[in-house]
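Counting convention: from 1, in listed order, for ligands and their atoms alike.
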Amino acid sequence: MKVIELLESIPGVGPARAELIMEKRKISLSRRIAGLGPHQLRALRKEVGIMKVDPQYGSLIVMSGPGGVGKSTITQHLKSDPRFWVSISATTREPRTTEKDGVDYFFVTENKFDQMVAKDEFLEWANFAGARYGTPRSPVNEWREMGKHVLLEIEIAGARQIRVSDPTAKLVFISPPSWEELESRLANRGTDSPERREARLALAREEMAAASEFDLTIVNEQVESVVAQMVSLATAP
Ligand code: 5GP
């Protein structure tokens with residue numbers, strides 16, 4: 001959704017004022033909400049007092065599940081749904097060749113990650129496969145205040161932290177149709193050595209054992225159906 005469309009839809013703002021606000025905040029008319037940073041969002045909210053006119057706080061949806069189960073495809077679908085915003089995590093791991101800083105992750109140094117932890121900037125963070133991963137807190141709050149459903153795609157230790165810190169969060173576990181199916185999906189990735197594949201399977205076995213801690217388990221038979229169930233969960237009162 002474009003910023004201008006959101007502004008125009010707010011009672012009491014209308015097209016002329018929306019344009020003025022955009023000009024004042026130096027935001028181009030074609031800019032989409034997903035492209036705004038937290039500072040710009042805060043400024044916009046102040047400008048129009050969005051909180052007062054849009055009190056519907058967005059849901060926090062946490063999605064976990066074993067590697068290879070198809071979480072990133074589900075995330076891609078929800079990214080293109082204007083009711084959702086997908087959180088961008090910070091990580092200390094190296095970017096993969098196709099990944100972009102600030103899009104897939106914020107790739108940070110160990111030092112920077114330490115500072116973020118010390119400043120309590122994470123909603124949750126955890127170690128996974130030799131690197132640290134964390135969810136920056138303020139954009140999650142900003143987007144929820146703007147009425148967006150926020151999706152976190154995180155591993156299980158992080159999901160457990162959210163369960164404690166935010167009892168309203170909805171925790172979803174994505175499960176494969178069968179263990180054999182997951183094994184063959186991981187085997188078909190093709191980039192791993194046999195040892196690496198074995199390590200991934202061992203980790204997946206551990207992750208599968210945590211499914212019962214989640215509010216809902218969705219079997220990933222068909223991505224469209226998973227996405228539809230995630231949408232109903234987010235939009236349910
Ligand atoms: P990958 O390195 O393959 O992108 O991600 C490895 C694992 O880290 C995945 O299970 C992913 O869901 C998880 N992960 C990504 N971001 C975060 C985060 O901010 N917090 C936690 N706890 N896990 C994350």
Next on the checklist: Can you check which of R96, R93, E155 brings a heavy atom nearest to atom 23 (N) of ligand 1?
Outcome noted: E155
Item to check | For T135, atoms of ligand 1 separated by under 4.0 Å from a heavy atom | outcome: 19 (O)
Checklist entry - If every non-hydrogen atom of K2 is compared with every non-hydrogen atom of L29, which pair is closest and at what distance? => result CD-O, 4.2 Å
Item to check | For A126, the ligand 1 atoms whose distance to one of its heavy atoms is below 4.0 Å | outcome: 22 (N)
Next on the checklist: Please check whether E153 reaches ligand 1 - meaning an N/O of the residue sits under 3.5 Å from an N/O of the ligand, judged on distance alone.
Outcome noted: yes
Item to check | Proximity to ligand 1 by part of Y133, non-hydrogen separation under 4.0 Å | outcome: both
Checklist entry - S89 to ligand 1: N or O pair under 3.5 Å? => result yes
Next on the checklist: Restricting to non-hydrogen atoms, name the atom on W143 and the atom on L36 that form the minimum distance, rounded to 0.1 Å.
Outcome noted: CZ2-O, 4.4 Å
Item to check | Nearest atoms (heavy-atom pairs only) where S87 meets L152 | outcome: CB-CD2, 3.4 Å
Checklist entry - Does the N or O separation between A90 and ligand 1 drop below 3.5 Å for any pair? => result no
Checklist entry - At a 4.0 Å cut-off, with the gap strictly under it, does some heavy atom of A157 reach an atom of ligand 1? => result no
Checklist entry - In ligand 1, which numbered atoms sit nearer than 4.0 Å to a non-hydrogen atom of I154? => result 12 (O), 14 (N), 17 (C), 18 (C), 19 (O), 20 (N), 21 (C), 22 (N), 23 (N), 24 (C)
Item to check | Where I88 and P136 come nearest, the two heavy atoms and their spacing | outcome: O-CD, 3.3 Å
Checklist entry - Are R137 and D120 within salt-bridge range, i.e. N to O under 4.0 Å? => result yes
Next on the checklist: Under 4.0 Å from a heavy atom of G158: which atoms of ligand 1 are those, numbered in the order shown and with their elements?
Outcome noted: 22 (N)
Checklist entry - Is a side-chain donor-acceptor pair under 3.5 Å present for D166 with T168? => result yes
Item to check | Close-contact set for ligand 1 against E124 heavy atoms, below 4.0 Å | outcome: 18 (C), 19 (O), 20 (N), 21 (C), 22 (N)
Checklist entry - Can you name the residues that form a ring pair (Phe, Tyr, Trp, His ring centres under 6.0 Å) with F214, not counting sequence neighbours? => result F173
Checklist entry - Does Y105 have a heavy atom less than 4.0 Å from any atom of ligand 1? => result yes
Item to check | Heavy atoms of other groups near E23 CD, more than 12 under 6.0 Å | outcome: no
Checklist entry - How about T91 and S89: does a side-chain donor come under 3.5 Å of a side-chain acceptor? => result no
Next on the checklist: Does the residue K71 have a heavy-atom contact with ligand 1, meaning some pair of atoms that are separated by less than 4.0 Å?
Outcome noted: yes
